[in-house]
Amino acid sequence: MKKYNVVICGGGSTYTPDMMELLVMLQKPFPLNKVVLYDIDAERQSIVGEFGKVLFKEYYPEVEFYYTTDKKEAFEGMDFVFVQIRAGGLEQRKNDEKIPYKYGRIGQETCGAGGLSYGVRSVVQMIELIKDVREYAKDAWIINYSNPAAIVAEACKKVFPNDKKIVNICDMPTDVIGRYLPLIGKKRSEVDCIYFGLNHFGWFTAVLDKKTGEDLLPGLLEYIVEHYEELRAQAKERIRNDDDHWGIVFYNHLKMIKDFPYSLPNTYNLYYVYPKLSYSHYSLNRTRYDEVIEGREASVFGFCKNVARLGKMKGTEFDITNKISPYTEFTGEMHSETVYSDNDVHAAYLVELVLSIINNKKELALVMIENNGIVENLDPGMMLEATSIIGKEQILPLKHGTVGQFEKGLLENQYACESLLVEAILENNYQKLLQAFTENRLVGDAEVAKAMIEDFKEANGDYWPEFK
Ligand code: G6P
Ligand code: MN
C-alpha cells in the first residue's frame, strides 16, 4: 500500500497541532511515510514542531517527522502540500482589522478593506511558495486554505492556469451545514450539498439525501423559520460573553436565514448583507484579532510547550490514546463529524478531500474552481466555490444552472473588486488598486479608499509591493 509524504506549510499555525493529531488518527485510511512542517517563522514553528516530535514518536513512530525552514528539505518528494500560511502573521491581521475601523468601516480579515490588504500580502507569498513547491515536487497536490482564499484562488488561476493540482478550499460551508443538519436529524455523511458562490460569499441551494435523492433544504429552512424564536434563544445562550465571535455570528446568521429563507447562506455573507450589524460587533479597540491573541494563540502554544517540556503524552493529561483508538483500525467511509467533536473542523474537511483523491472515490466536495459555465449567468472566469466531484486525477464541477438577480449582483460586484485587486498586484498598478478598494461594498467611497490604501501601505511595510 502506498504511503504518502505530507508537508504542512505554515507549520507554526495554531491549526497545525490539530492537523497533526488528525494525521495520527487516520493512519489506516491515509497511511504516511513522512510528515514535514515548513514555515518562514522558525521560532513559531519550533514550538509546534517540538510538540509534533513527541506526538509522532509516541503515536506514529514509523513516520519520519521533522520541521524545517529549508525549501528543498520541505518539498522534495512530497505527495501533498497543505498550505495554511498567514502572510504577515497576526501582527498584520491586527492592521487589516483596525485600519478600516478608523474610517467607520468593518475591519475583517477576509472581507472588506482588511481582506484586500491581506490579499495583497497573501497573493505575493502564495505565488512564491507555489513556484518553490513546483521546483521540488512537480506532481504534488497543493491544497491551499490560506486566506483570503477567493483572492488567492483568482491569483492562482491567473498565474498558474495549467496547474490542475492546486486546489483552494475553505472549511466554513462544511461548518455551517454541519451545525444545521442535526435539526432535521441528519449527518453530513448522509447528504450531498449543492453550493455556489465566491469564497466567503456563497449559498447552499440544495441538500440532497444520499439514499433517496430528496432535497432536504426546503424542509430545513422551513424548520428554522418556524422555530426561529427558540433557535435564537438557544444561540444567545451559547454566547458566553460579549466577545464570543462565533456565537454572535451564528446568532446573526439565523436572522439572515429568516430574512432570505430560500437558501442557506455562508456566515460571511453577513458582512456584506448586514454591514451595520456586523460593524457593531467590534470596535477600533477590540476586533477579532484581540480575541484570537487572548484565546487560541495563548492556549495552543501553551499546550505545545507543556507537551514538549514533559517529552511525552501517554500517561499524562495530554494522552490521546482514547481519542485516536476508534480511528486507528478505521479504513472505510470517512466524514468529518466522526472527528469533528474533538478536532477542529478546519482539518477534518481537508482530510475528506484527500481521501477522495487518493481512493478516487469521486465524492462531492466544495472547492474553488473556474466558472466556465457552472453558473450560466455569471462571468465564465469567476473562481467559484462550487460542488465538485473529487477524483484521483481530476476535479469536475457540477453544473449549477442560473442564479437569482440578488446573488448575481452581489457576486459580480465582489468579483470585480477581487479580480481588480489581483490584476493590481500582478501589474503593480495603483489605478486598479484604487478601483478594487473603491468597488468593495464595505468601502464604497474613493476618498476613503485612497486614505486607507495609504495607511495599509505604511502598516504593511516590506510586505506591500510597489503600486505605480
Ligand atoms: C473560518 C474561515 C477561515 C478563517 C477562520 C477565522 O474557519 O473559514 O477562512 O480563517 O474562520 O477564524 P478565527 O477564529 O481566526 O477568527
Ligand atoms: Mn475560509
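Read the numbers this way: they start at 1 and go in the same order the structure lists the ligands and their atoms.
- Heavy-atom distances between Q108 and ligand 1 stay at or above 4.0 Å for every pair.
- Aromatic ring orientation, F456 versus W464: parallel (interplanar angle below 30°, classes split at 30° and 60°).
- For ligand 1, the atoms lying closer than 4.0 Å to a non-hydrogen atom of R288 are 13 (P), 14 (O), 16 (O).
- Assignment of Y15 to the shell around ligand 1 is supported, since a heavy atom sits closer than 4.0 Å.
- Taking the six-membered ring for Trp and the full ring otherwise, the centers of H253 and Y268 sit at least 6.0 Å from each other.
- Comparing heavy-atom distances from atom 9 (O) of ligand 1 across D175, T110, N147 singles out N147 as nearest.
- Closest N/O/S atom of H200 to the Mn ion (ligand 2): NE2.
- Those atoms of ligand 1 that come under 4.0 Å of a heavy atom in R296, given as number and element, are 13 (P), 14 (O), 15 (O).
- If you look at Q84 next to ligand 1, there are no close heavy atoms at all, none under 4.0 Å.
- Contacts of Y145 with ligand 1, taken as heavy-atom pairs under 4.0 Å, are absent altogether.
- Counting heavy atoms closer than 4.0 Å to ligand 1, residue H200 contributes side-chain atoms (C-beta onward) but none from N, CA, C or O.
- A salt bridge links D290 and K98; the closest N-O separation between the charged side-chain nitrogens and carboxylate oxygens is under 4.0 Å.
- Within the cation-pi definition used here (under 6.0 Å to the ring centroid, within 45° of the axis), R105 does not qualify as a partner of Y279.
- Considering backbone and side-chain N/O atoms, R86 never comes within less than 3.5 Å of an N/O atom of ligand 1.
- Electrostatic pairing of E128 and K131 does not count as a salt bridge here, judged by no charged N lying under 4.0 Å from a carboxylate O.
- Taking a cut-off of under 4.0 Å to the non-hydrogen atoms of E109, the atoms of ligand 1 that pass are 4 (C), 5 (C), 6 (C), 10 (O).
- Near C170, with a cut-off below 4.0 Å to any heavy atom, the atoms of ligand 1 are 8 (O).
- Here E291 does not pair with R296 in a salt bridge; the nearest charged N to carboxylate O distance is not below 4.0 Å.
- A salt bridge links D96 and R121; the closest N-O separation between the charged side-chain nitrogens and carboxylate oxygens is under 4.0 Å.
- Remark: K158 does not engage E370 in a salt bridge, criterion side-chain N to carboxylate O under 4.0 Å.
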